Amino acid sequence: MKRSYCSTDGRVPKMQKDMVRASASDDDDQDLRLIHDLRSSAADLFLREQWSEALALYTRLIRLCQDQIPDDDLNDGRDSERMAVFRRTLCIALSSRAETHSRSRDFGAALEDCDRALGIDGSHFKTLMCKGRILLHHFSCYSAALDCFQKASLDPQAAGAVDGLIKKCRKFEYLSRTGNFDLSDWVLNGFRGDCPQLAEYIGPVVVRKSDSCGRGLFATRNIEAGTIVLVTRAVAVERGIAMCEEMDENQQLVMWRRFVDKVVESASKCATTRRQISALLDGEESEVALEAPDMSLFRMEPERRECSDGEVDAGKILSILDMNSLVENANSAKVLGTNKNCHGIGLWILPSFVNHSCCPNARRTHVGNHLIMHASRDIKAGEELLFAYFDVKNPFEKRREMSVSWGFRCSCSRCKFEESLCRELRDMMEEMGVGSEGVDAGKVVFRLEECMRKFAVRGREKGYLRASFWGAYSETYTREGLFKRWGRRIPTAEAIAESVAEAVGGDERVLRVVTRNCGGGGGGGASGMDGVLKLGRGIYGKIVKKKQALKTLLDDI
């Protein structure tokens with residue numbers, strides 16, 4: 001006969017209740033011991049930066065907690081307390097896994113875990129901090145990040161630690177709206193410490209079809225010279241120090257491979273990055289057939305796990321990088337706060353749509369992993385923004401050769417002008433030896449100026465030719481013997497520099513000539529200094545607002 005554990009009235013005897021509770025308690029203790037061991041082991045792996053292994057243990061811990069939590073609520077008081085323990089543990093595990101995802105740069109997955117943890121405990125301090133940092137530093141969602149930090153600040157353990165992040169969010173939100181950046185204090189401090197953290201900013205620009213070359217970046221309103229039009233962080237950057245002026249081929253190859261690996265990894269872990277990269281020309285597609293992407297594509301938005309770990313075509317990415325990467329040692333760019341022998345290569349999405357011109361109207365400056373683009377002269381609404389891919393202080397033939405090596409044929413106004421020079425002017429320039437090696441540079445400058453007067457070359461076209469033979473001008477104005485011989489028979493260095501800067505943009509070499517002839521920037525008096533500062537603003541734009549900071553930069557030239 002089967003033994004019954006129930007009394008005649010159907011109730012479980014007290015002794016049997018105690019036995020069941022003891023058995024359940026043993027199971028609870030076993031589960032809690034396993035949870036404790038998993039948390040301890042995962043935390044140890046996290047501290048050792050073994051992200052994959054830590055993720056595996058946190059995932060196991062999360063599943064264990066989920067298995068213990070039923071879909072429906074339990075009314076039993078003991079079970080409610082037990083469920084509270086598992087829910088609290090699940091929240092902590094999700095928060096810890098989110099932090100691990102963040103450290104391994106899988107930000108979409110990290111945000112999903114943050115949201116799941118906050119669904120359990122909307123005021124969980126660690127989770128709010130993790131989500132806020134991701135929104136602030138990776139997705140540049142400053143208002144959403146501010147909301148997280150403000151909620152976290154209500155927690156007793158915040159103890160003022162969140163105040164700096166709240167202040168940064170407010171500052172970045174302001175900068176992202178106004179573009180009112182100023183690096184003067186960093187410059188005056190001698191670039192000491194870390195590079196300043198910059199907010200993402202998209203000014204009055206839009207991507208659309210270009211008459212000259214597929215798609216380009218266009219101004220949506222009038223832009224004053226020096227105005228910042230774009231501040232954006234790189235998808236990836238790789239840098240190295242060259243022992244001499246240029247990196248050898250092996251160094252370049254190693255740098256390139258590391259750079260490609262970084263881009264592929266970023267694309268594999270972020271759907272927004274993949275979509276942005278895919279919008280770029282890869283060398284096999286016809287850019288004429290490609291539609292201009294909506295500007296919303298370039299504003300980072302938080303995404304979820306289902307958007308991560310997507311398929312990445314490494315071959316296509318390699319082709320895209322061949323066409324769209326930017327180097328940091330170009331004369332058209334200025335890199336602030338790095339070793340002068342530092343060379344780099346990076347991918348900045350929106351600037352990749354900017355087309356080349358040998359008479360550019362925009363210039364880029366690199367600070368940390370950010371690219372800052374500003375108007376180097378006044379730009380009208382509807383006008384295309386253009387910067388130089390290579391050194392445009394070269395004769396027409398050399399520039400044509402360089403443009404072909406980049407895979408295009410430049411047809412800017414300067415190239416058209418120099419290509420259409422009348423035969424008589426070309427013959428006269430050739431007869432004088434203009435551009436030839438071993439020729440007296442001062443004589444070249446003198447004869448070229450004579451040619452331009454004879455053929456009534458005026459305005460910006462005069463600046464084009466002076467830029468094309470900048471080597472001769474620079475040598476004449478910086479070599480004492482040549483300047484003594486020819487200085488009174490040719491225009492002043494300030495006039496030449498202003499002409500060249502107006503035509504093709506200024507750079508450090510132009511400033512070097514002017515500062516030398518102004519006695520280091522001050523010898524030419526107030527008017528000379530004003531000219532130097534004007535040229536300096538053409539190079540640095542309005543990111544250096546304080547005059548003393550700009551002078552500090554010019555002193556290093």
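Everything numeric in this text was worked out from a predicted model, so none of it was measured.
Among all heavy-atom pairs drawn from Ala497 and Leu535, the shortest one is CB-CD1, 3.8 Å. In terms of heavy-atom proximity, Leu385 sits nearest to Val229 at CD2-CG2, 3.7 Å. Of all heavy-atom pairs spanning Ala93 and Leu61, the tightest one is CB-CD2, 3.7 Å. The two residues Cys410 and Cys415 make their nearest non-hydrogen contact at SG-SG, 3.8 Å. Nearest approach of Glu383 to Asn361, heavy atoms of both residues: OE2-ND2, 3.3 Å. Here the closest heavy-atom approach between residue Asn324 and residue Ile320 is recorded as ND2-O, 2.7 Å.
Considering SG of Cys114 and NZ of Lys131, their distance stands at 7.0 Å, rounded to 0.5 Å. Remark: Arg97 CZ to Cys130 SG distance equals 12.0 Å, nearest 0.5 Å. Here the NE2 atom belonging to His374 is positioned 12.5 Å from the CG atom belonging to Leu230, to the nearest 0.5 angstrom. Within the model, atoms CD1 of Ile345 and CG of Leu321 stand 7.5 Å from one another, a figure rounded to the nearest 0.5 Å. To the nearest 0.5 angstrom, Ser95 atom OG is 5.0 Å from His124 atom NE2. Distance check, rounded to the nearest 0.5 Å: OG of Ser96 to CG of Leu55 gives 11.0 Å.
In this structure, Ser474 contributes its side chain and Trp470 its backbone to no donor-acceptor pair below 3.5 Å. A donor-acceptor pair under 3.5 Å links the side-chain atoms of Arg377 to the main chain of Pro360, judged by distance alone. No donor-acceptor distance shorter than 3.5 angstrom exists from the side chain of Ser176 to the backbone of Tyr201, with no hydrogens or angles considered. A side-chain donor-acceptor contact under 3.5 Å links His370 to the backbone of Leu198. A donor-acceptor pair under 3.5 Å is formed between the side chain of Arg399 and the backbone N or O of Asn394. Within the 3.5 Å criterion, the main-chain N or O of Val237 finds a donor-acceptor partner in the side chain of Lys262. At distances below 3.5 Å, at least one donor-acceptor pair connects side-chain atoms of Ser405 with backbone N or O atoms of Met402. At least one donor-acceptor pair closer than 3.5 Å links the side chain of Arg233 to the backbone N or O of His137. Looking only at distances, a side-chain donor or acceptor of Lys269 sits under 3.5 Å from a matching main-chain atom of Ser104. In this structure, Asp113 contributes its side chain and Thr127 its backbone to no donor-acceptor pair below 3.5 Å.
Between Trp186 and Phe191, the two ring planes are perpendicular [angle over 60°; tilted spans 30° to 60°]. The aromatic rings of Phe172 and Tyr142 sit perpendicular to each other, their planes meeting at more than 60°, with 30° as the lower class boundary.
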Verdict with reasoning, Arg512 to Glu508, per salt bridge (Lys or Arg N to Asp or Glu O under 4.0 Å): CA-CA 6 Å; Arg512 193 176 298 121; Glu508 286 75 10; over 6 Å; no

Verify side-chain contact (heavy atoms from CB on, under 4.5 Å) between Tyr540 and Leu183, making sure each step is shown before the conclusion. CA-CA 10 Å; Tyr540 302 106; Leu183 304 183; over 6 Å; no

Apply the test side-chain contact (heavy atoms from CB on, under 4.5 Å) to residues Thr232 and Ile349: give CA-CA distance (whole Å), side-chain angles for both, the deciding distance (0.1 Å), then the verdict. CA-CA 8 Å; Thr232 184; Ile349 299 293; over 6 Å; no

Could you please spell out the steps behind the side-chain contact (heavy atoms from CB on, under 4.5 Å) verdict for Ile134 and Phe139? CA-CA 7 Å; Ile134 293 172; Phe139 289 105; 3.6 Å; yes

Begin from the C-alpha positions of Leu45 and Tyr58 and carry the test side-chain contact (heavy atoms from CB on, under 4.5 Å) through to its verdict. CA-CA 10 Å; Leu45 290 168; Tyr58 281 128; over 6 Å; no

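Under a 4.0 Å N-O distance rule, the pair Arg257/Asp261 does not qualify as a salt bridge. Salt bridge absent: Arg116 and Glu112 never bring a charged side-chain N and a carboxylate O closer than 4.0 Å. The existence of a salt bridge linking Lys542 and Glu224 is confirmed by a sub-4.0 Å separation between a basic side-chain nitrogen and an acidic carboxylate oxygen. Salt-bridge check for Asp182 with Lys546: failed, with every basic side-chain N at 4.0 Å or more from each acidic carboxylate O. Residues Glu173 and Arg177 are paired through a salt bridge, judged by an N-O separation under 4.0 Å between the basic side chain and the carboxylate.
At most 12 non-hydrogen atoms from other residues, nucleotides or ligands lie less than 6.0 angstrom from CZ of Arg105. Annotation for Lys126: atom NZ counts as buried by contact number, over 12 foreign heavy atoms lying within 6.0 Å. In the displayed structure, Arg400 atom CZ is contacted under 6.0 Å by more than 12 heavy atoms of other residues, nucleotides or ligands.
Taking 4.5 Å as the limit, every side-chain heavy atom of Cys359 sits out of range of all side-chain heavy atoms of Val392. Considering only heavy atoms from C-beta on, Ile372 stays 4.5 Å or farther from Phe181 through its side chain. Between Met129 and Phe149 the shortest side-chain heavy-atom distance falls below 4.5 Å. Side-chain contact check for Met295 versus Leu350: some heavy-atom pair is nearer than 4.5 Å. Looking at heavy atoms from C-beta onward, Ile277 lies out of side-chain contact with Lys316 at the 4.5 angstrom threshold. Counting heavy atoms from C-beta on, the side chains of Leu297 and Gln276 come closer than 4.5 Å. Between Ser102 and Phe107, some side-chain heavy-atom pair lies under the 4.5 Å cut-off. Residues Glu418 and Ser468 form a side-chain contact, since some pair of their non-hydrogen atoms from C-beta on lies under 4.5 Å apart.
A donor and an acceptor atom, one from each side chain of Thr272 and Arg275, are located under 3.5 Å apart. Side-chain atoms of Asp294 and Ser296 include a donor-acceptor pair closer than 3.5 Å.
Under the ring-ring contact (aromatic ring centres under 6.0 Å, His included) test applied with Phe353, the options Phe298, Trp348, Phe218 reduce to a single match, Phe298.
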